Amino acid sequence: MQKAMEEGEIRAAELVALYVKRIEKYNKHINAVLEINPDALQIAQELDDERQKQGSRGPLHGIPILLKDNIDTGDRMHTSAGSLALAQSIAAEDAFIAAQLRESGAVLLGKVNMTEWANFMSGPMPSGYSSRGGQVLNPYGPGRFEVGGSSSGSGAATAASFAAAAIGTETSGSIVNPAHHNSLVGLKPTVGLLSRTGIIPISHSQDTPGPMTRTVTDAALLLGALTGVDARDPLSLAGEENDHIQVDYTTFLDAKSLQGARIGIPRWFYKDLNDEARLIAENAIHVLREQGAVVIDPVSLPCEQAEWNYEVLRYEFKKDLNDYLAKLDASVPVHALQEVIAFNSEHAEKALVYGQNTLIWSEETSGTLTEEEYLRNLAHYQELTRARGIDLVLAEHQLDALFFPGDEGYDIAARAGYPLLNVPAGYTAEGPMGVMFSAGAFSEGKLLALAYAFEQATKYRRPPIL
């Protein structure tokens with residue numbers, strides 16, 4: 001697209017018009033897009049004029065990007081996390097990453113549906129459902145294949161080519177899971193590499209936005225546009241302090257990156273695969289070997305059989321959400337989790353199709369993050385997944401990365417705050433399947449390199465037939 005615009009074959013305004021036309025034609029089949037930015041065409045026209053007069057800002061100049069509905073935009077679009085309570089909420093300013101996208105010249109095309117409250121509302125709620133937007137469907141098999149969540153709209157819309165790419169968010173699996181189900185590249189960065197300011201939260205210790213794209217190259221381009229130090233998000237300072245922030249991740253992309261790379265196979269996560277998925281996973285491991293990787297099979301994560309609880313998310317959700325809601329305009333009907341629960345009860349027919357037991361469970365905490373149970377669990381799980389988990393096995397075998405089938409093992413990296421990268425690996429009777437590279441903190445460049453080599457050797461992804 002960038003090359004075509006540089007050569008005058010197409011303009012950004014035409015790209016926007018083409019995507020809007022495609023959304024109008026096909027969105028009714030998958031229900032991925034909630035709203036189109038009413039200013040998108042004007043913004044694209046202004047960027048076209050700027051390109052003519054001053055040249056391009058870079059690889060995202062004029063490129064239409066969709067945003068998950070929990071990312072603030074200081075324009076006429078709403079930010080609701082899929083909820084009815086925030087359905088009319090318009091943010092006062094851009095989230096940090098939305099501002100970064102605008103600065104890079106991207107066109108914020110619209111907002112996409114998601115699992116309501118990022119799947120922290122109700123145990124029975126299916127992935128991709130929200131009270132505001134209804135059910136997102138997988139474009140590869142609407143109503144037949146799992147769409148994944150909570151960045152379900154980001155996944156389905158990107159797979160269906162409703163935009164060049166989309167931004168998702170992940171607390172535990174919410175980027176890599178829909179990427180796996182929608183045959184996409186999904187990158188969940190190290191917590192702190194990208195700012196979370198202006199994103200409706202679950203957990204400050206695990207939340208991160210990230211790119212969802214159709215190619216590894218696009219993921220690298222988009223990640224570079226999103227990085228930046230945000231003083232309002234203390235964890236984003238870690239990337240600056242340790243010199244981990246890059247603005248161009250495409251420098252890591254080398255089709256020979258698997259040659260000599262040491263890749264560990266954590267077999268525990270392969271044991272429950274069905275025959276089709278196992279065949280795809282074993283074929284992917286064969287590709288690694290063919291491309292010159294040193295495959296260490298098996299390796300074992302000491303924490304792989306640990307019993308997990310979600311107390312950290314439970315405690316942080318109330319505190320972090322209350323902080324976000326308290327800053328909303330007075331016209332918004334809710335400014336605390338307790339008020340969200342009350343609003344849902346008052347509008348139960350539409351708002352509580354699947355209940356709100358998870359919201360109520362979180363509301364039972366103090367909201368101060370002083371409870372001993374919270375502090376103990378936070379320290380325990382971070383040590384278990386880092387020093388006694390991913391870091392330990394990487395060091396023990398001198399590994400460049402771990403290699404998981406599908407989205408298996410995402411919860412370990414989520415609790416560690418470490419990156420994951422899902423890349424398409426094939427198709428089964430149950431829909432698309434991906435494989436996932438995992439490594440230590442701020443290893444995004446290495447993961448992109450390995451995934452790029454795998455992608456270029458296989459080129460498994462094919463678009464859905466809508």
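These figures come from a predicted structure and were not determined experimentally. Reckoned from all heavy atoms, side chains included, excluding hydrogens, waters and symmetry mates.
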All side chain to side chain contact (heavy atoms under 4.5 Å, CB included) counterparts of [X], not counting sequence neighbours:
X	result
Ala99	Asp94
Pro64	Leu15, Val16, Tyr19, Leu109
Pro333	Phe343

Aromatic ring pairing Phe269/Phe404, orientation class (parallel under 30°, perpendicular over 60°, tilted between):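 Phe269 and Phe404: perpendicular rings.
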Aromatic ring pairing Trp308/Tyr381, orientation class (parallel under 30°, perpendicular over 60°, tilted between):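 Judged by the thresholds at 30° and 60°, the geometry between Trp308 and Tyr381 is tilted.
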Donor-acceptor under 3.5 Å (Glu93 side chain, Gly74 main chain):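 Here the side-chain-to-backbone pair does not exist.
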According to salt bridge (Lys or Arg N to Asp or Glu O under 4.0 Å), does anything in [range] pair up with another residue at least two apart or in another chain? List the pairs.
range	answer
residues 115-131	none
residues 354-365	Arg314-Glu364, Lys318-Glu363
residues 409-420	Asp411-Arg415
residues 184-210	Arg196-Asp233

Residues 434-450 side chain polar contacts: donor-acceptor under 3.5 Å, at least two apart:
| from | atom 1 | to | atom 2 | distance (Å) |
| --- | --- | --- | --- | --- |
| Ser443 | OG | Gly440 | O | 2.7 |
| Glu444 | OE2 | Thr190 | N | 2.5 |
| Glu444 | OE2 | Thr190 | OG1 | 2.7 |

Contact list for residues 64-77, test side-chain hydrogen bond (donor to acceptor under 3.5 Å, both in side chains), sequence neighbours left out: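 Non-adjacent pairs meeting side-chain hydrogen bond (donor to acceptor under 3.5 Å, both in side chains): Asp39-Arg76, Lys68-Ser150, Lys68-Ser151, Lys68-Thr169, Asp69-Ser80, Asp69-Arg132, Asn70-Thr169, Asp72-Tyr324, Thr73-Asp75, Thr73-Lys111, Asp75-Arg102.
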Distance-only side-chain donor-acceptor flag, Glu408 / Tyr270, under 3.5 Å: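 Checked: Glu408/Tyr270 side chains show no N/O donor-acceptor pair below 3.5 Å.
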Residue pairs fulfilling ring-ring contact (aromatic ring centres under 6.0 Å, His included) with at least one residue in residues 173-217, sequence neighbours excluded: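 Listed once each, the pairs would be none.
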Salt bridge flag under 4.0 Å for residues Lys319 and Asp323: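 So Lys319 pairs with Asp323 through a salt bridge.
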Partner set under side-chain hydrogen bond (donor to acceptor under 3.5 Å, both in side chains) for Ser366, not counting sequence neighbours: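 In terms of side-chain hydrogen bond (donor to acceptor under 3.5 Å, both in side chains), with neighbours along the sequence ignored, Ser366 is linked to Thr368, Glu371.
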Any residue meeting side-chain hydrogen bond (donor to acceptor under 3.5 Å, both in side chains) with Tyr460, in chain and number order, not counting sequence neighbours: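 Per chain and number, Tyr460 pairs via side-chain hydrogen bond (donor to acceptor under 3.5 Å, both in side chains) with Asn283.
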Close aromatic pair by centroid cut-off 6.0 Å: Tyr140 and Phe145: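 No.
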Test side chain to side chain contact (heavy atoms under 4.5 Å, CB included) applied to Tyr249 and Leu222, step by step: CA-CA 9 Å; Tyr249 285 87; Leu222 198 48; over 6 Å; no
